[in-house]
Amino acid sequence: GKFRTNAFEDLFKKMIDDIQAGSVNCVVTKDLSRLGRNYIEVGNFIEKVCPFLGVRFIAVNDNFDSDYINPSVGMHMAIKNIFNDMYARDISKKLVTVLKEKRLRGEYIGSYAPYGYLKNPENKNHLIVDSKTAPIVQQIFEWRAEGKSYTAIAKELNSADISSPSRYRFENGIKTNLQKKGLDILWGRHMITIILNNIVYLGHTAQGKQSSSYYKGIPNHKVAESEWDVVYNTHTPIISEELFQKVKEMNNERKEKVKSTWNKYDFLPK
């Protein structure tokens, strides 16, 4: 996943920083694939970066030691790296296909359930209503329908000491990339916006909002809404269609109001 990739990149950068600082003179991995699966990048690291920085690299299971390279060992390493890269691309292609099929069947494949829901203990790809947080979602929609701003809603929730989605997950032992912040994560405009625009609360599943593909060389990126994988009536709704549409109209009305006053007072001194 994206979080695992970012965590690996951070650790790799830290390792390089330690090497440049002279704290590390030898890197040891289980095998070549643990260093990386892109054969060009791995080859470049072993053949150019390591000698330049004076670092020894050892891959235990592949019997590779950069201090003892001969033509036959170098050839073996190159072939092994190419094989690792091809294997990773094949796995990536299969994984993309499997996940796409799951999404189109309406199976929820997120790491954790959206706020207001829980993963069904009997079927992790199905959402069930969370009795503790569903009423809060309903209250958020009702407040917005009454005309309250995103900021005012967030302020109400924080004043009542209601746990934000990230804090709630932290309190219930669900690990995320915000885990370190824990209890300090408060409600904000961004989270309110996400909830009020998510059709998951109507009982529908919209996935594939971000995408990446190793085998195509496509990095993680946002996907246009028209290309999302949407399946209707996959789980119990928390709010009614009528309330959702009322909030949607309220949001559009506020947007038009903001647009109408945009740059209206630019002539005044700052």
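In this text, all values refer to a predicted model and were calculated from it rather than measured experimentally.
The minimum heavy-atom distance between Ile239 and Phe244, with the atom names listed, is CD1-CD1, 3.7 Å. Closest approach of Tyr117 and Val200 over heavy atoms only: OH-O, 3.2 Å. In terms of heavy atoms, Trp187 sits closest to Pro165 at CH2-CD, 3.5 Å.
The list of side chain to side chain donor-acceptor pair (under 3.5 Å) pairs with a residue in residues 197-209, not counting sequence neighbours, reads Thr205-Thr234.
Legend: residues meeting side-chain contact (heavy atoms from CB on, under 4.5 Å) with Asn25, ordered by chain and number and at least two apart, are absent. For the salt bridge (Lys or Arg N to Asp or Glu O under 4.0 Å) test, residues two or more places apart in sequence or in another chain that qualify with Asp229 are Lys100, Arg103. Legend: residues meeting salt bridge (Lys or Arg N to Asp or Glu O under 4.0 Å) with Lys30, ordered by chain and number and at least two apart, are absent. Applying the salt bridge (Lys or Arg N to Asp or Glu O under 4.0 Å) rule to Lys222 yields no partners; only residues at least two apart in sequence or on another chain are considered. Not counting sequence neighbours, the partners of Gln245 by the side-chain contact (heavy atoms from CB on, under 4.5 Å) test are Glu241, Lys248. Partners of Ser163 by side-chain contact (heavy atoms from CB on, under 4.5 Å), not counting sequence neighbours, listed by chain and number: Arg167, Tyr168, Glu171. Every residue two or more places apart in sequence or in another chain that forms a side chain to side chain donor-acceptor pair (under 3.5 Å) with Lys102 is listed here: Glu107. Applying the side-chain contact (heavy atoms from CB on, under 4.5 Å) test to Ser23 and every residue at least two apart in sequence or in another chain returns Asp18, Ala21. By the salt bridge (Lys or Arg N to Asp or Glu O under 4.0 Å) test, Arg189 is found to be paired with no residue, residues two or more places apart in sequence or in another chain being considered.
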Quiz item: Please walk me through it: do Asn125 and Ile109 pass side chain to side chain contact (heavy atoms under 4.5 Å, CB included)?
Solution: CA-CA 6 Å; Asn125 297 125; Ile109 60 172; 4.1 Å; yes

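In the displayed structure, Lys119 atom NZ is contacted under 6.0 Å by more than 12 heavy atoms of other residues, nucleotides or ligands.
By the rule that hydrophobic residues join a cluster once side-chain heavy atoms approach within less than 4.5 Å of another member, Met15 and Val55 end up as members of one cluster. Val231 and Leu99 are not part of a single hydrophobic cluster, where members link through side-chain heavy atoms under 4.5 Å apart.
The main-chain N or O of Val223 is found under 3.5 Å from a side-chain atom of Trp228 such that the two form a donor-acceptor pair. Distance alone, capped at 3.5 Å, places no donor-acceptor pair between the His235 side chain and the Val129 backbone. Checked by atom type and distance alone, the side chain of Thr133 pairs as donor or acceptor with a backbone atom of Gly116 at under 3.5 Å.
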Show every donor-acceptor pair shorter than 3.5 Å between a side-chain atom in residues 140-153 and any protein atom, with sequence neighbours excluded, or say none if there are none.
unit_1, atom_1, unit_2, atom_2, d
Arg144, NE, Asn251, OD1, 2.8
Arg144, NH1, Lys148, O, 3.0
Arg144, NH2, Asn251, OD1, 3.0
Lys148, NZ, Glu156, OE2, 2.6
Ser149, OG, Ala152, N, 3.0
Tyr150, OH, Asn251, OD1, 3.1

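The other members of the hydrophobic cluster of Val28, by chain and number, are Ile58, Val60 (side-chain heavy atoms under 4.5 Å, ILVMFWY only).
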